[in-house]
Structure formats: C-alpha cells, structure tokens
K.L.:
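The structure follows.
Scope of the values below: all heavy atoms of this structure, side chains included, with no hydrogens, waters or symmetry mates. We count residues from 1, following the sequence as given.
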Amino acid sequence: MPELPEVETVRRRIAPVLEGRRFERVTIDDPRLTRPEDPQEVARELEGEQVSAVDRRGKYLIVRFESGRALVIHLRMTGSVLQGAGAEGVDQHRRAVVELDDGSRIAYRDVRRFGTWLLLEPDEVETYIDARVGREPLGPAYKSRHLAESLANRRAPIKAALLDQRTLAGLGNIYVDEALWRARIHPLRPARELAGDEIKALREGIKKALAVGIARQGATLRDYRQPDGRAGSMQKEFKVYGRDGEPCDRCGTPIEKTRVAGRGTWYCPTCQTR
C-alpha cells in the first residue's frame, strides 16, 4: 500500500500539472471508485472545477478547487495517478481519466480496485480528514511531546500503535519497521512503556525513514509507480523490511521476521531488544 512517501511523491509530480488548470472532461468507468455515489454524477460535478492546490494529509491526496470543494483520493493497495505517456494507450486497469483545459490528461489506474475518489463540499473537507488521521510527522510543529501524548495510554505494541492513522498520519508497514530500526525499538514493546529518550529517538527515526523514502520517490515492490510510470527506488534502501535472514547494516546480526497486528514485521534482534 502506498504510504506517506509514495503519496507525497505523487503530489509533487502532479501538482505542477494540475494547479491552475480546469477539469474539462471527466470519465469514471468503475462504480466502485466513487461508491455509494454514482460515478457519472461525480464526473459531471467535477467537470468545470478549477484546481487551486494539490495537498496531502497522511495517505490522502487532496485536489482542492477554487470553489472550496475538494476531491479526496485514497490510493489504497494498488492505485496510481498517471500523467503524460502513463495516461495514454490501452490499459484494462484504468478506472478514470481527467482531461484538462490545456489538453493534457491525468489517469487513475487501480488493479485491485480498492482505491476511492470522494468529492467533498467546502464545509466537509477538514472535518472528514481530521476524523481519520492524526498529526503530520514531517511538519516543523510536530514535537516529541506530541508523539508521547498519543502513545501515553496505548497498551498495544508500538508497531500496532504507529499503524493506527489517528496516532500519526501516513505511516504503514514499511516505514514503521524502518523507523523502529532507526530508533532501536523492538516492534512488540508496549507503546506506553517507551521512555522519554526512546520517544525522541522514535520521532527522529520516523522523520528520517520518511525523508529517505521521499528522496527515493517511494518504494516499488509490485504496483506503485510515479506519475510518469517510473518505479521508486526506496526498496533498495530498506534496513529491515523484507530482509529476513540478511545481515543488519548496523551490527551484522541476521534480520528476523515476526507478526505484529497481523502484519509481517522485520527487525534486528540485537539492535532492537525487547
């Protein structure tokens, strides 16, 4: 599933293409994309809207319009937003196409069809997002005390707590494992037991893992692509994720795999003691 770095990469690539442009013609071919709303009705409502900004909150891509409305896109498991050559040609997995007033096209592709498009009215946008995600971890206003407050009463393992989007926006299975390795924290440690210095190390680990992910344009393990169709390269930088049996980059101990909150979880048993 695309996480914060993948969605941020998409945002950075399509913002210059969309901002200031008008949705000239919209085609939505998959009723699952907008359910329970009728896809043809959503397409008609989108036509004529002019884009003011392309934002992101956590894993949500937010296309804001001059009218105050917003199109909230969640890529889920296999969604991709494509432009240029990636939006052309025949593709059985293309679910929607937006034709802009300058003649360019943006296409939405989704193999497993779990992604969603939701058109919200001006008074609905922030309420909808705020109810689903916590603070942004990369903003300068995000401090260790904010992380400590969100973990203080959590009995769950730290990994499970971080996967909860209301704890922190945008983290998923990959970047939680990478952040915990950087912070030297075992994924099964109860969240509320972390000491102050561990909270600080975790905040820095989260920021570093996400920053590297963005710098490498995200991780392509199977379906994720950048809007121009290219793969990301973060998968070449993983410290623990998917590396069971390989030596830890820090101490040489073989990486081990376990399960936390039903998710495959990778860690170093020497660097991340329980």
K.L.:
Is the backbone of R112 close enough, under 3.5 Å, to the side chain of T78 for a donor and an acceptor to pair up by distance?
P.N.:
yes
K.L.:
As a test of understanding, state which of V176, L221, T265 forms a side chain to side chain contact (heavy atoms under 4.5 Å, CB included) with Y241.
P.N.:
L221
K.L.:
Are I214 and F238 connected in the hydrophobic side-chain network, where two residues link if heavy atoms are under 4.5 Å apart?
P.N.:
yes
K.L.:
State, with a plain yes or no, whether a side-chain heavy atom of R225 is found less than 4.5 Å away from one of R109.
P.N.:
no
K.L.:
Taking C-beta and beyond as the side chain, do L168 and S150 meet within less than 4.5 Å on heavy atoms?
P.N.:
no
K.L.:
Keeping to residues at least two apart or across chains, list the salt bridge (charged side-chain N to carboxylate O under 4.0 Å, His left out) pairs with something in residues 201-223.
P.N.:
R216-E237
K.L.:
Please go through I62's hydrophobic cluster and name the other residues, only I, L, V, M, F, W, Y counting, with side-chain heavy atoms under 4.5 Å joining them.
P.N.:
Y60, V72, L118, L120, V125, Y128, I129, V133
K.L.:
Working to the nearest 0.5 Å, report the span between CG of L18 and CD1 of I106.
P.N.:
4.5 Å
K.L.:
Should V54 and V81 be regarded as members of a common hydrophobic cluster, given that ILVMFWY residues are connected when their side-chain heavy atoms come within less than 4.5 Å of each other, either directly or indirectly?
P.N.:
yes
K.L.:
Hey, could you give me the CZ/CZ distance between R57 and R135, rounded to the nearest 0.5 Å?
P.N.:
10.0 Å
K.L.:
Between A169 and G134, which heavy-atom pair has the shortest distance, and what is it?
P.N.:
CB-O, 3.6 Å
K.L.:
Is any NZ, NE, NH1 or NH2 atom of the basic residue among K257 and E246 found under 4.0 Å from an Asp or Glu carboxylate oxygen of the other?
P.N.:
no
K.L.:
Identify which one of V42, I28, I73 satisfies the side chain to side chain contact (heavy atoms under 4.5 Å, CB included) criterion when paired with L33.
P.N.:
I28
K.L.:
Atom CZ in R182, atom CD in Q272: separation rounded to 0.5 Å?
P.N.:
11.5 Å
K.L.:
One thing to verify: whether D249 and K239 come together as a salt bridge, which I'm taking to mean a side-chain N less than 4.0 angstrom from a carboxylate O.
P.N.:
yes
K.L.:
Are V26 and E99 close enough, and set up right, to give a side-chain contact (heavy atoms from CB on, under 4.5 Å), and what steps lead you there?
P.N.:
CA-CA 6 Å; V26 180; E99 298 180 21; over 6 Å; no
K.L.:
Check whether any side-chain heavy atom of F23 lies under 4.5 Å from a side-chain heavy atom of V51, and answer yes or no.
P.N.:
yes
K.L.:
Does V10 share a hydrophobic cluster with V212, counting links as ILVMFWY side-chain heavy atoms below 4.5 Å and allowing steps through other members?
P.N.:
no
K.L.:
How is the hydrophobic cluster of M1 composed, in terms of its other members, when Ile, Leu, Val, Met, Phe, Trp and Tyr link through side-chain heavy atoms under 4.5 Å apart, directly or indirectly?
P.N.:
M77, F114
K.L.:
Got a salt bridge between R69 and E121, using NZ or NE/NH1/NH2 to carboxylate O under 4.0 Å?
P.N.:
yes
K.L.:
Could you tell me whether the side chain of R22 reaches within less than 4.5 Å of the side chain of E49, counting heavy atoms only?
P.N.:
no
K.L.:
For residues T220 and G232, report the shortest heavy-atom separation together with the two atoms involved.
P.N.:
OG1-N, 2.7 Å
K.L.:
Hey, could you give me each pair passing ring-ring contact (aromatic ring centres under 6.0 Å, His included) that has a residue in residues 162-190? Not counting sequence neighbours.
P.N.:
H186-Y267
K.L.:
Could you tell me which residues satisfy side-chain hydrogen bond (donor to acceptor under 3.5 Å, both in side chains) with S104, sequence neighbours excluded, listed by chain and number?
P.N.:
D102
K.L.:
Below 4.0 angstrom, N of the basic side chain to O of the carboxylate: do D29 and R94 qualify?
P.N.:
no
K.L.:
As an exercise, state the distance from CD1 of I158 to CG of L194, rounded to the nearest 0.5 Å.
P.N.:
5.0 Å
K.L.:
Are D164 and R166 ion-paired here, with the side-chain N under 4.0 Å from a carboxylate O?
P.N.:
yes
K.L.:
Distance check, rounded to the nearest 0.5 Å: L202 atom CG versus L162 atom CG?
P.N.:
5.5 Å
K.L.:
What about I185 and I255, same hydrophobic cluster or not, with Ile/Leu/Val/Met/Phe/Trp/Tyr joined at side-chain heavy-atom distances under 4.5 Å?
P.N.:
yes
K.L.:
To the nearest 0.5 Å, what is the distance between CG on L4 and CG on L210?
P.N.:
5.5 Å
K.L.:
Evaluate the side-chain proximity of R105 to L100: yes if any heavy-atom separation is below 4.5 Å, no if none is.
P.N.:
no
K.L.:
Kindly indicate whether the side chain of R263, heavy atoms from C-beta on, has any atom under 4.5 Å from the side chain of L163.
P.N.:
yes
K.L.:
What pairs of residues pass the ring-ring contact (aromatic ring centres under 6.0 Å, His included) test when at least one of them lies in residues 130-174, not counting sequence neighbours?
P.N.:
Y142-H146
K.L.:
Which pair of non-hydrogen atoms, one from T116 and one from Y108, has the smallest distance, and what is that distance?
P.N.:
N-OH, 4.4 Å
K.L.:
Work out which heavy atom in C248 is nearest to a heavy atom in C271; give both atom names and the distance.
P.N.:
SG-SG, 3.8 Å
K.L.:
What pair of heavy atoms forms the shortest contact from I206 to P137, and how long is it?
P.N.:
CG2-CB, 4.0 Å
K.L.:
Looking at A215, is its backbone amide N or carbonyl O close enough to the side chain of Q217 to form a donor-acceptor pair, meaning the two atoms are under 3.5 Å apart?
P.N.:
yes
K.L.:
Salt-bridge test for R11 and D55: reply yes if a basic N is under 4.0 Å from a carboxylate O, no otherwise.
P.N.:
no
K.L.:
In sequence, state the C-alpha distance, the side-chain angles, and the governing distance for D30 and R113, and then conclude on side-chain contact (heavy atoms from CB on, under 4.5 Å).
P.N.:
CA-CA 8 Å; D30 187 353; R113 303 169 65 201; 2.9 Å; yes
K.L.:
Would you mind checking if R35 and E37 are paired as a salt bridge, meaning a charged N to carboxylate O distance below 4.0 Å?
P.N.:
no
K.L.:
Evaluate the side-chain proximity of P254 to P247: yes if any heavy-atom separation is below 4.5 Å, no if none is.
P.N.:
no
K.L.:
Checking I199 against L151 for the side-chain contact (heavy atoms from CB on, under 4.5 Å) test, could you report, in this order, the C-alpha distance in whole Å, the side-chain angles of both residues, the deciding distance, and whether it holds?
P.N.:
CA-CA 9 Å; I199 293 288; L151 298 177; 3.8 Å; yes
K.L.:
Considering the options R192, R189, R184, which one meets the salt bridge (charged side-chain N to carboxylate O under 4.0 Å, His left out) requirement together with E198?
P.N.:
R189
K.L.:
Testing R25, Q50, R21 for side chain to side chain donor-acceptor pair (under 3.5 Å) with D101, which one passes?
P.N.:
R21
K.L.:
Testing E6, E136, E3 for salt bridge (charged side-chain N to carboxylate O under 4.0 Å, His left out) with R56, which one passes?
P.N.:
E136
K.L.:
Quick one: does any side-chain atom of T34 pair with a main-chain N or O of W117 as donor and acceptor, under 3.5 Å?
P.N.:
no
K.L.:
I'd like to know whether CG of D197 has more than 12 heavy-atom contacts from other residues, nucleotides or ligands below 6.0 angstrom.
P.N.:
yes
K.L.:
What I'd like to find out is whether the side chain of D110 reaches to under 4.5 Å of the side chain of R32, using heavy atoms alone.
P.N.:
no
K.L.:
Which heavy atom in E45 sits nearest to a heavy atom in L119, and how many Å separate them?
P.N.:
CB-CD2, 3.6 Å
K.L.:
Would you mind checking if E47 and R44 are paired as a salt bridge, meaning a charged N to carboxylate O distance below 4.0 Å?
P.N.:
no
K.L.:
Within the 3.5 Å criterion, strictly below it, is a donor on D177 or W266 matched to an acceptor on the partner's side chain?
P.N.:
no
K.L.:
Quick one, Q165 with R132, criterion side-chain contact (heavy atoms from CB on, under 4.5 Å). Give me CA distance, side-chain angles, the key distance, then yes/no.
P.N.:
CA-CA 7 Å; Q165 296 302 291; R132 287 161 175 78; over 6 Å; no
